[in-house]
There are 2 protein chains.
Amino acid sequence: MQIRTLPANGRAATRVEATTGSNVLTRLRSDIVNSEFKPSARLKFADMTKRYDVGIGTLREALSQLASEGFVTVEAGKGFKVAPVSAEELVEITDLFIGFETRAIREAIAAGDDDWEANIVAVHHRLRLIEGLPWSERMERHTEWVQRHREFHEALVAACQGRWLLRMRTMMFDQLDRYRFVTKNASESQGRKKFDEHREIMQATVARDGDSAAAMIERHIRDTSDRALKILGQQG
Amino acid sequence: MQIRTLPANGRAATRVEATTGSNVLTRLRSDIVNSEFKPSARLKFADMTKRYDVGIGTLREALSQLASEGFVTVEAGKGFKVAPVSAEELVEITDLFIGFETRAIREAIAAGDDDWEANIVAVHHRLRLIEGLPWSERMERHTEWVQRHREFHEALVAACQGRWLLRMRTMMFDQLDRYRFVTKNASESQGRKKFDEHREIMQATVARDGDSAAAMIERHIRDTSDRALKILGQQG
DNA sequence: AACTCAATTATTTTCGAAACTTTGTGCTTC
DNA sequence: GAAGCACAAAGTTTCGAAAATAATTGAGTT
């Protein structure tokens, strides 16, 4: 699922980048998550082919995949739109995600080996390095934080054996990212709180304490969602 | 998910069929579920364009959607394959489906109105009409039974408000259909048992007894899956 | 025989022109 | 002025040729 797009730097004409197909899929999804395209906005092919510099067919393929993932809606003959957002949907997605994540982490704790544990510690450290920064710097590197935050949560459940469980968990995580976007400008005290929570979750997990880890994750997620919900309510 | 094709005009040359795109998606999925293409089989564009009489692009779009749904796998540059099946996967899918279905039916029972109830009774009756047939006839109309069985289970949860819950429930139901295929030739006594179970589930649901309905559904599904699992184990 | 590596064949992936649909606009009629 | 109709404009959907990539074959070498 994660196609890493590496900097197409000015080196010799080496072909490091992903194929245009999965590349445009990733960029498009990222643009929707980051609200470059507003919810319910129409996605016209004419505009898109220029923006992403790909053919109509390639774009169409990416868009129909995003439709399966729930990021866009499609109506035959009328084209594609960015899926709308709503408070009700956020509540449901949060609920489902917590269910998946807590279940996955219990299974991971039961099945995880030393490599899994070591990776969690490593990835958590990478997250710390950004979260520990002075607030202004931390905000400047928000995109990077999003990525590392994702990697941290992914590492926690990586040892879970259920492929479908992980798949659905990832789907819901991706959807939550869209809503997390509205809390981008959270306060410094909130940021500090998260910093601590991540450490506690990491510790409970490597201590193989499934109940604590699950409970902490639930609080951690619900907290963020509640704040997003409040902001969403103020806006409309 | 179900694209209803409404006749765009009342003209003589009426176009009753779905647009090529969603049409080929449906046919392809159906062919995979019915094992026309065996698990892990390669899906070559040259063959497919002839079989379905559509262009490469259209086919590609359908295939990448089926990839998101988990029916096919895709490897960049190497094309598409039918997703493999395994006993482990069946166990996981069954588990997840039961979780979704029982949760959905409780919510439906809490929220359902008179129309919802009436529809369940109607759809159950349509199912009965096939299940009550002499066994040989019942088997001849197996495809029709699959459709009505799906409609029955869909009607039960139709009043559930969670869009994502229903979505994931449908995903898992579709996946189960693939495995149900192997139990197509179940015995007459098994068929009779299902006949009774469907009636009991229907009755518990319209009686608004969520606990009973959920418990019965769990037994009902797990029973079928266990039988499929046995057959799957014998084969490989 | 086992191992290159270059040429050839098979297959996938991309792209945009052409066909088709929907939406918008202005004219006609009642 | 509203409703209907015809035509133009805007947009989407389909298709297959062409480019790019992967797999195969086979001659030459160790």
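Chain A is the first sequence line, chain B the second, and so forth, proteins listed ahead of strands; every chain is numbered from 1.
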For atom CD of A/Glu61 and atom C1' of C/dT13, their distance in whole Å: 9 Å
Atom CG of A/Asp53: over 12 foreign heavy atoms under 6.0 Å: no
Which side-chain N or O atoms in residues 38-51 of chain B pair as donor and acceptor under 3.5 Å with protein atoms at least two apart or in another chain?
unit_1: B/Thr49; atom_1: OG1; unit_2: B/Phe45; atom_2: O; d: 3.0
unit_1: B/Thr49; atom_1: OG1; unit_2: B/Ala46; atom_2: O; d: 3.0
unit_1: B/Arg51; atom_1: NH1; unit_2: B/Asp31; atom_2: OD2; d: 2.8

Nearest-Å distance for atom pair NZ/P, residues B/Lys44 and C/dA10: 10 Å
Contacts of B/Glu131 that satisfy side-chain hydrogen bond (donor to acceptor under 3.5 Å, both in side chains) - sequence neighbours left out: B/Trp145, B/His198
Within 6.0 Å of CG in B/Asp114, more than 12 heavy atoms from elsewhere: no
Length of the line joining A/Leu43:CG and D/dT13:P, which is rounded to integer Å: 12 Å
Over 12 foreign heavy atoms within 6.0 Å of NE2, B/His142: yes
Along DNA chain C (nearest heavy atom to each residue), the more 5'-positioned of B/Ile56 and A/Ile56: B/Ile56
Minimum-distance nucleotide to B/Arg60 side chain [options: C/dT13, D/dT14, C/dC15]: C/dT13
Euclidean distance, atom CG of residue A/Leu59 to atom P of C/dC15 [Å, nearest integer]: 10 Å
Of B/Arg42 and B/Gly55, the one whose closest DNA chain D nucleotide lies more 5': B/Gly55
Partner of A/Trp164 by side-chain hydrogen bond (donor to acceptor under 3.5 Å, both in side chains), out of B/Glu92, B/Glu89, B/Gln175: B/Glu89
Any residue meeting salt bridge (Lys or Arg N to Asp or Glu O under 4.0 Å) with B/Arg138, in chain and number order, not counting sequence neighbours: none
All N/O pairs under 3.5 Å across the protein-nucleotides 5-7 of chain D interface:
none

Proximity to DNA chain D (any heavy atom under 4.0 Å), residues of residues 46-54 of chain A only: none
Rounded interatomic separation in angstrom, taking NZ from A/Lys81 and P from D/dT12: 12 Å
Phosphate-side-chain proximity, B/Lys78 and D/dA22, N/O vs OP1/OP2 below 4.0 Å: no
For B/Lys78, all residues meeting salt bridge (Lys or Arg N to Asp or Glu O under 4.0 Å), sequence neighbours excluded: B/Glu75
Side chain to side chain, B/His149 and B/Arg180, heavy atoms closer than 4.5 Å: yes
Rounded distance in Å - CZ (A/Phe45) to P (D/dT14): 10 Å
